[in-house]
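This is a predicted model, so every value here is computed, not measured.
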Amino acid sequence: YLQRINNEILEMQVAHPLTHFAIIFSFLIHDVDHTGVTNAQLVKEGKRIAAVYNNKSVAEQNSTDLAWSVLMDSEHKDLQAAIYGSQEELERFRHLVVNSVMATDLFDEELMADRNKRWLETFSEEHRGHSLTADQALDLKATIVMEHVMMAADINHTMQDFHSYKRWNERLFFEMCNAYENGRLGTEPSSNWYEQELQFCNQVVIPLATKLKDCGVFGIAVDNALACAQANRQQWDVKDAVVVAELKRSYVDQKKGGNI
């Protein structure tokens, strides 16, 4: 996605070494210490970690803090020096990392509403914030683009062909089955898997792919992502019961074979 940006001014800003590395670093760390359950489940269980982060983006904040503490260790002073050369650059890098990792929380309604609002202010003529200076507008656009690059990369299997989508969806299904069997999920996953996937396609995947196309930043490169997202949604309509049955059978087989 970073290589597909076709706006020269925006490309220069996003491709700045500090910014570019912050995005890659954020993606490497964004699921550090993930426990295999959702933020909502962590809050429901009353986990200490949920209280630490006031029940907001628990896994994302935890991943950021853990990774940051490792990076800031004196053992990695040479890496630190390679990333930033001043307090200002350190603060900039920290801001980019936090913002990027938080973008992978796709289920916090407040965060999603804020992202949608800023997207409209940036890319919609009707809602555009005209009080911003040219530099401020460019900074905002770069920030919004980086957020949505992170979001798209995080769930990119949903914007690939159905075979790839199903392969990664199977891993998520296994994870949820394991959580259910350990008493960390209230509903057996296969009972509503189709409905949840359909809702995710309709409310998250297709709107996100549409934004990537409509913003005009990536040219025709994202046409395939949107087409695949829409095709996967249609496949669920046609094959819902068959796919869920295959997922259940695969989980049972993998567990019998000792692979889970």
Side-chain angles (χ1 to χ4, degrees), residues 18-19 21-77 79-81 83-84 86-119 140 143-144 146-156 168 171-189 192 196 199-200 203-204 208 260:
L18 184 71
T19 303
F21 182 72
I23 297 173
I24 302 303
F25 179 77
S26 299
F27 207 82
L28 287 171
I29 70 168
H30 84 282
D31 269 340
V32 166
D33 198 40
H34 199 289
T35 59
V37 297
T38 63
N39 284 333
Q41 184 63 28
L42 293 173
V43 172
K44 182 180 179 181
E45 292 175 356
K47 294 294 185 182
R48 184 193 65 82
I49 192 174
V52 168
Y53 298 113
N54 297 316
N55 299 334
K56 297 284 291 183
S57 301
V58 179
E60 292 78 15
Q61 292 200 71
N62 179 54
S63 293
T64 303
D65 282 350
L66 286 175
W68 192 259
S69 67
V70 173
L71 178 62
M72 290 297 104
D73 191 282
S74 59
E75 179 183 358
H76 303 301
K77 60 182 180 181
L79 176 57
Q80 294 165 23
I83 298 172
Y84 55 87
S86 66
Q87 183 63 29
E88 182 181 358
E89 287 188 342
L90 170 60
E91 291 173 0
R92 173 65 175 163
F93 180 68
R94 168 75 181 179
H95 172 76
L96 289 167
V97 168
V98 171
N99 201 61
S100 296
V101 176
M102 290 303 104
T104 63
D105 184 352
L106 302 177
F107 296 99
D108 186 293
E109 294 182 0
E110 186 177 338
L111 285 177
M112 287 298 289
D114 180 61
R115 286 189 207 113
N116 288 334
K117 178 176 179 291
R118 287 185 290 121
W119 178 276
L140 180 59
T143 298
I144 297 297
M146 285 188 290
E147 286 180 351
H148 284 74
V149 163
M150 284 291 293
M151 293 165 65
D154 192 29
I155 58 170
N156 198 245
W168 289 102
R171 287 161 168 74
L172 178 60
F173 181 79
F174 288 1
E175 188 174 80
M176 293 298 100
C177 285
N178 185 62
Y180 175 73
E181 292 178 358
N182 285 301
R184 304 192 73 189
L185 190 66
T187 305
E188 197 280 316
N192 61 359
Q196 287 192 347
Q199 183 180 43
F200 190 62
Q203 297 183 3
V204 178
L208 176 56
I260 296 180

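- Nearest approach of Gly186 to Tyr180, heavy atoms of both residues: O-CE1, 4.1 Å.
- More than 12 heavy atoms of other residues, nucleotides or ligands lie within 6.0 Å of CZ in Arg171, so this atom counts as buried by the packing criterion.
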| request: Would you sort out whether Leu42 and Tyr53 count as a side-chain contact (heavy atoms from CB on, under 4.5 Å), showing the intermediate values? | output: CA-CA 11 Å; Leu42 293 173; Tyr53 298 113; over 6 Å; no

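- Atom CG of Asp65 and atom CD1 of Ile49 lie 9.0 Å apart (nearest 0.5 Å).
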| message | The test is side-chain contact (heavy atoms from CB on, under 4.5 Å); show your working for Leu90 and Gln80 and say whether it passes. | response | CA-CA 9 Å; Leu90 170 60; Gln80 294 165 23; over 6 Å; no

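- From Glu75, atom CD reaches atom NZ of Lys77 across 11.0 Å, with rounding to the nearest 0.5 Å.
- Residues Phe93 and Val97 have side chains in contact (heavy-atom distance under 4.5 Å, counting atoms from C-beta outward).
- Listed for the Glu175 side chain is no donor-acceptor partner under 3.5 Å among the backbone atoms of Val37.
- Rounding to the nearest 0.5 Å places CG of Leu18 at 10.0 Å from CD of Glu88.
- Ring planes of Trp119 and His148: tilted class, angle from 30 to 60°.
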| task | Output, in order, the C-alpha distance, side-chain angles, deciding distance and verdict of side-chain contact (heavy atoms from CB on, under 4.5 Å) for Thr35 and Gln41. | result | CA-CA 10 Å; Thr35 59; Gln41 184 63 28; over 6 Å; no

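- Considering all non-hydrogen atoms of both residues, Gly36 and Met176 come closest at O-CE, 3.4 Å.
- Residues Met150 and Ile23 approach most closely at SD-O, 4.0 Å, considering heavy atoms.
- The CG atom of Leu172 sits 9.0 Å away from the CD atom of Gln196 when rounded to the nearest 0.5 Å.
- Closest approach of Pro189 and Leu185 over heavy atoms only: CG-CD2, 3.8 Å.
- Note that NZ of Lys44 and CG of Asn39 are 14.5 Å apart. Values are rounded to the nearest 0.5 Å.
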Cut-off 3.5 Å, no hydrogens considered: what does the side-chain donor-acceptor table look like for residues 103-111, sequence neighbours left out?
residue	atom	partner	partner atom	Å
Thr104	OG1	Val101	O	2.6
Asp105	OD1	Phe107	N	3.1
Asp105	OD1	Asp108	N	3.3
Asp105	OD2	Ser57	OG	2.7
Asp108	OD1	Lys56	NZ	3.3
Asp108	OD1	Glu110	N	3.0
Asp108	OD1	Leu111	N	2.9
Asp108	OD2	Lys56	NZ	2.9
Glu110	OE1	Lys56	NZ	3.3

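- Side-chain atoms of Ser69 come within 3.5 Å of backbone N or O of Leu66 as a donor-acceptor pair.
- Looking only at distances, no side-chain donor or acceptor of Asn182 sits under 3.5 Å from a matching main-chain atom of Arg184.
- Taking 4.5 Å as the limit, every side-chain heavy atom of Phe25 sits out of range of all side-chain heavy atoms of Ile83.
- Screening Arg94, His95, Gln87 against Glu91 for a side chain to side chain donor-acceptor pair (under 3.5 Å) leaves a single residue, Gln87.
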| request: Could you walk me through whether Asn99 and Met146 pass the side-chain contact (heavy atoms from CB on, under 4.5 Å) test, one step at a time? | output: CA-CA 9 Å; Asn99 201 61; Met146 285 188 290; over 6 Å; no

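- Pairing each heavy atom of Ile155 with each of Leu208, the nearest pair is CD1-CD2, 4.0 Å.
- Among all heavy-atom pairs drawn from Ser100 and Ser26, the shortest one is CB-OG, 3.4 Å.
- Distance check, rounded to the nearest 0.5 Å: CD1 of Ile29 to CD1 of Ile24 gives 12.0 Å.
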